[in-house]
Amino acid sequence: MTTGAYAQIHSSSASDPAAFWSKAAEVVDWIKKPTIVLDDSRPPFYRWFADGTLNTCYNALDRHVINGRGDQVAVYYESPVTGNSAQYSYAQLLEKVAKFAGVLTSLGVTKGDRVVIYMPMVPEAMIAMLACARIGAIHSVVFGGFAPAELAARIEDATPKVIVAASCGIEPNRVIPYKPFLDQAVERSTHKPDHVVMLQREQLPAEMGERDLDFTELMASDAIEPAECVEVAATDPLYILYTSGTTGKPKGIVRDNGGHAVAMAWSLPNLYGVGAGETFWAASDVGWVVGHSYIVYSPLLAGATTVMFEGKPVGTPDAAAFWRVIEKCKVASLFTAPTAFRAIKKEDPNAELLKGHDISSMRRLFLAGERLDPDTYHWAREILGVPVIDNWWQTETGWPIATNPVGVEELPVKPGSPSVPTPGYDVQVLDEKGEQVPAGTEGSIAIKLPMPPGTLPTLWQDDARYVSSYLSAYEGYYLTGDGGYIDEDGYVYVMGRTDDVLNVAGHRLSTGAIEAALAGHPQVAECAVIGVADQMKGQVPRAFVVVKSGVDVGDPAVADKLKSELVQRVRDEVGAVAALKMVDVVMALPKTRSGKILRKTMRQIADGQEAQVPSTIEDASVLDRLRPVLRPGQGSVE
C-alpha cells in the first residue's frame with residue numbers, strides 16, 4: 001500500500017468523514033452553506049449536507065459565466081452518424097438551458113415534478129437535463145434504445161408531468177424511430193404525461209399527436225421567458241436513473257442535489273486529473289450513469305469541457321473515430337468501456353489508423369463498465385503510450401468505488417485491478433458470516449456505511465426495497481453484488497457479479513426482463529437466460545427454452561422459426577441493446593429442489609469453468625444432458 005498522498009487522504013476520509021467532506025464541499029457555491037455535513041440520525045438512511053441549499057444548474061453553468069468562462073467551450077457535439085458537428089460555449093449553453101427551463105415552466109413543471117427524457121446523444125438531451133435541474137424538477141433519462149415495455153415501466157414508476165423525446169435515433173446502418181416506441185409505452189402505462197416535447201430530427205420526423213409539442217418551435221417562442229435558478233435542498237432529488245433488478249420492476253436510483261454536486265466537482269480533478277478549461281470525454285451515453293456523471297455533470301461542475309459523441313468506436317465510418325475526436329477536441333482524458341477498445345482492436349489490430357492523427361493532448365485512458373481483461377489493457381497501453389486506468393463503480397454509487405486517483409497520487413497499475421478504494425469508500429471483502437476475510441481471499445465485496453456523498457440515499461419511493469436489495473445481507477454494509485478480493489497492497493480485484501444481472505458491453509440488463517420476453521411466446525413453457533463470456537462485449541446473453549408439449553422442435557424448420565421469433569421478441573420487448581442471438585431448445589432446465597434454476601452453474605459450464613453443483617440439485621441428469629449444449633458455439637441464431 002502507498003504511504004503517500006493517497007494513503008493520507010483516504011485515511012482522513014475514513015477517520016473523520018464529516019470534516020473531510022465539509023472541506024470538499026467548498027468547491028460548490030451554496031445558497032445556504034450546510035452546517036450539518038452528515039446526518040446520521042436515522043441509519044441506514046444517511047444524508048449529506050442536510051441543511052444546505054443550492055442549485056446544481058447554477059453550479060454547472062451560471063457561476064462559470066459570472067467568473068469569466070462564458071466564452072470557453074462547454075460541450076463539443078460530434079455526430080459522425082449524421083455528419084454534424086457543433087460546439088456551445090458556457091454562455092451559449094446557459095442561454096439554451098434557461099430558455100428550455102422556461103419552456104418546462106410554461107408547461108406546468110415545478111420543483112419536485114418528474115420529467116422523463118427519451119433521447120439519443122444530442123445536445124438537447126443535456127439541455128433538457130440541466131433545465132430540469134435549474135427549476136428543481138427531477139429528470140429521469142431513459143436510454144434511447146429501450147423498447148416500449150422498459151420505457152413504460154419507467155413512466156409508470158416516475159409519473160412524469162412531461163416527457164422530452166426525439167423523433168429518432170441514428171445507428172451506423174439504420175434509423176430507429178422513437179416516437180412509435182414512446183406512443184406504445186404511454187399507452188401501456190396507467191400514468192399519462194400532460195405533454196410530450198418532441199425534437200424533430202430531419203432523418204425521420206415524427207407524426208405529432210394531441211399531447212405532442214415541437215421542441216424547436218417552443219424554443220423559438222418569444223412568449224416564453226427564460227427561467228431563473230430555483231433554490232433546492234441538498235437532500236432534494238436531482239434525478240432518478242433506473243437500473244435493472246434481477247426480478248420485477250426496475251429500481252429507481254435516486255441522486256440528491258448536494259452530495260452529488262460535491263462528489264462530481266471533487267472527483268474530476270482528484271480522480272481523473274482533469275481541471276477547469278481542459279477537455280474530458282466520456283464516450284458513453286446520457287442514458288447510462290457514466291453519461292449523467294461524466295458527460296454532463298462532473299465536467300461542467302468542474303468548469304471543464306465535455307464531449308457528446310453520437311457514433312460508435314468502429315463503423316462511423318471506421319476504427320479511427322475516437323482518434324479524430326481526440327485530435328479535434330484536444331481531449332486530455334478519454335473514459336470508455338473496454339468493449340470499445342476490443343472493437344477497435346478487432347478492426348485495426350496494428351492501430352494503422354492511429355498513425356494519421358495527433359493525439360498528443362491525451363494524457364490518460366480510463367476504462368470502466370465491465371472487467372478490463374489484461375489483453376485489452378496491454379494493447380491499449382502499447383498503442384497509446386499513456387497510462388491505462390481501470391475503475392470500478394455502479395449506477396448506484398454514481399462515481400468510482402475503486403480507481404487509481406491520479407489527481408491525488410498516481411499509483412502503480414496492476415493489470416486486472418481497478419486499483420484502490422476511492423477516498424470516502426470503506427471497501428471490505430466479507431465471508432458468508434459477514435466477517436472480513438484475509439488479503440487475497442475471495443468473498444463478497446461490500447462497502448461499510450455510510451457511503452460517501454453522491455451515492456444513492458435510497459430508491460425512488462421505495463425505502464423498503466432499498467434496504468432489502470442492498471443493505472440486508474450484512475448489517476451496516478452496502479452489498480455491491482460483486483465478488484472479489486483485496487490483495488496485500490490494498491488493491492481491489494473484482495471477479496464478477498454474484499447475482500443474475502448481465503453486463504453486455506457495459507450495459508446492465510436484467511435476465512428477468514429477457515426471460516419475461518421469451519416466456520411470452522405461446523410455444524415456450526419455461527426458460528432461463530445466462531450471461532456468458534464474450535471476447536467483444538464482456539458478456540452476451542444465451543437463452544435456453546423448454547417448449548410446451550405438442551411443439552415439434554425435432555423438425556429443423558420449426559426449431560429455426562421458433563428461435564428467430566424469440567430473438568425478435570427480445571429485440572422488441574427489451575431492445576437491441578440486449579444483443580440476444582443464441583437460443584437453444586432443451587428438454588429441461590436444471591433446478592434445485594425448491595425450484596430455483598441453477599443459472600450460476602450453467603454459466604460456469606458455458607464459460608468452461610469448474611462448475612459448482614449445489615447439493616440441493618433436484619435431478620443431476622438434467623445438468624449432464626445440458627453440458628454439451630452449454631459449451632460455447634452452439635445454438636447461435638445470426
Side-chain angles (χ1 to χ4, degrees), residues 143 145-147 150 243-248 250-251 288-289 337-340 342-343 368-373 376 392 394-396 442 444-445 480-484 494-519 526-545 563 566-567 569-571 573-584 586 589-591 596-614 623 626-627 629-638:
F143 177 67
F146 272 175
E150 294 287 325
T243 186
S244 298
T246 52
T247 58
K251 292 182 277 196
W288 309 121
V289 69
T339 299
R342 285 195 286 268
E370 57 191 304
R371 193 161 180 263
L372 173 58
D373 57 286
T376 302
W392 167 61
Q394 302 176 330
T395 302
E396 289 84 350
E442 281 197 44
S444 291
I445 305 177
T480 67
D482 282 303
V494 183
M495 306 311 292
R497 297 294 296 170
T498 55
D499 59 18
D500 290 316
V501 174
L502 300 177
N503 191 328
V504 180
H507 303 156
R508 280 177 68 188
L509 296 166
S510 166
T511 55
I514 299 174
E515 288 174 1
L518 296 170
E526 64 176 344
C527 60
V529 172
I530 62 170
V532 296
D534 179 81
Q535 193 171 2
M536 284 299 297
K537 296 189 174 185
Q539 275 189 318
V540 292
R542 281 191 70 184
F544 301 85
V545 300
K563 292 176 184 181
L566 290 172
V567 168
R569 275 189 68 86
V570 170
R571 191 180 190 93
E573 290 287 318
V574 181
V577 71
L580 176 69
K581 292 184 178 180
M582 303 171 77
V583 178
D584 287 284
V586 297
L589 295 170
K591 298 176 183 177
K596 185 174 183 248
I597 296 171
L598 300 176
R599 292 181 183 82
K600 183 178 180 182
T601 306
M602 292 170 67
R603 186 166 61 239
Q604 289 169 332
I605 295 170
D607 286 345
Q609 300 173 1
E610 187 174 332
Q612 298 170 353
V613 182
L623 194 59
L626 201 56
R627 283 178 190 273
V629 183
L630 281 163
R631 291 186 188 123
Q634 302 294 313
S636 178
V637 178
E638 296 297 341

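Here the closest non-hydrogen pair linking Ala606 and Ile530 is CB-CD1, 4.1 Å. The two residues Ala517 and Glu573 have their closest heavy-atom pair at CB-CB, 3.7 Å. A pairwise comparison of heavy atoms in Val629 and Arg542 identifies O-NH2, 2.9 Å as the closest pair. Smallest separation of non-hydrogen atoms from Ala533 and Asp607: N-OD1, 2.8 Å. Cys527 and Ala519 get closest at one heavy-atom pair: SG-N, 4.1 Å. For Leu518 against Leu566, the heavy-atom pair with the smallest separation is CD2-CB, 3.7 Å.
Two residues are said to be in side-chain contact when any heavy atoms from C-beta on lie closer than 4.5 Å; Thr243 and Glu396 meet this criterion. Inter-residue side-chain proximity for Asp534 and Gln539 is flagged as unmet; no heavy-atom pair is nearer than 4.5 Å. Using a 4.5 Å heavy-atom threshold, the side chains of Pro590 and Thr601 count as separate. For the pair Ile597/Phe544, no side-chain contact is recorded, criterion being any heavy-atom separation below 4.5 Å from C-beta on. For the pair Thr480 and Val494, the minimum side-chain heavy-atom distance is 4.5 Å or more.
Taking the salt bridge (charged side-chain N to carboxylate O under 4.0 Å, His left out) definition, one finds that Arg342 meets it with Glu370, Asp373, sequence neighbours left out. Scored by the salt bridge (charged side-chain N to carboxylate O under 4.0 Å, His left out) test, Arg571 finds no partners at all (sequence neighbours excluded). Shown here are the side-chain contact (heavy atoms from CB on, under 4.5 Å) partners of Gln535, two or more places apart in sequence or in another chain: there are none. With sequence neighbours excluded, the residues that form a side-chain contact (heavy atoms from CB on, under 4.5 Å) with Ala340 are Pro313, Phe322, Thr336. For Val289, the side-chain contact (heavy atoms from CB on, under 4.5 Å) partners at least two apart in sequence or on another chain are Tyr239, Leu241, Arg255, Ser293, Trp393, Thr395. Not counting sequence neighbours, the partners of Ala578 by the side-chain contact (heavy atoms from CB on, under 4.5 Å) test are Leu509, Ile514, Val570, Val574.
Within the model, atoms NZ of Lys563 and CE of Met582 stand 10.5 Å from one another, a figure rounded to the nearest 0.5 Å.
For Gln604 (side chain) and Gln609 (main-chain N/O), no donor-acceptor pair under 3.5 Å exists by modelled atom type.
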TODO: Dump the intermediate steps for side-chain contact (heavy atoms from CB on, under 4.5 Å) on Ile605 and Leu626, then the final yes or no.
DONE: CA-CA 9 Å; Ile605 295 170; Leu626 201 56; over 6 Å; no
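Between Trp288 and Phe143, the ring planes lie parallel to each other; the angle is under 30°, not in the 30° to 60° tilted range.
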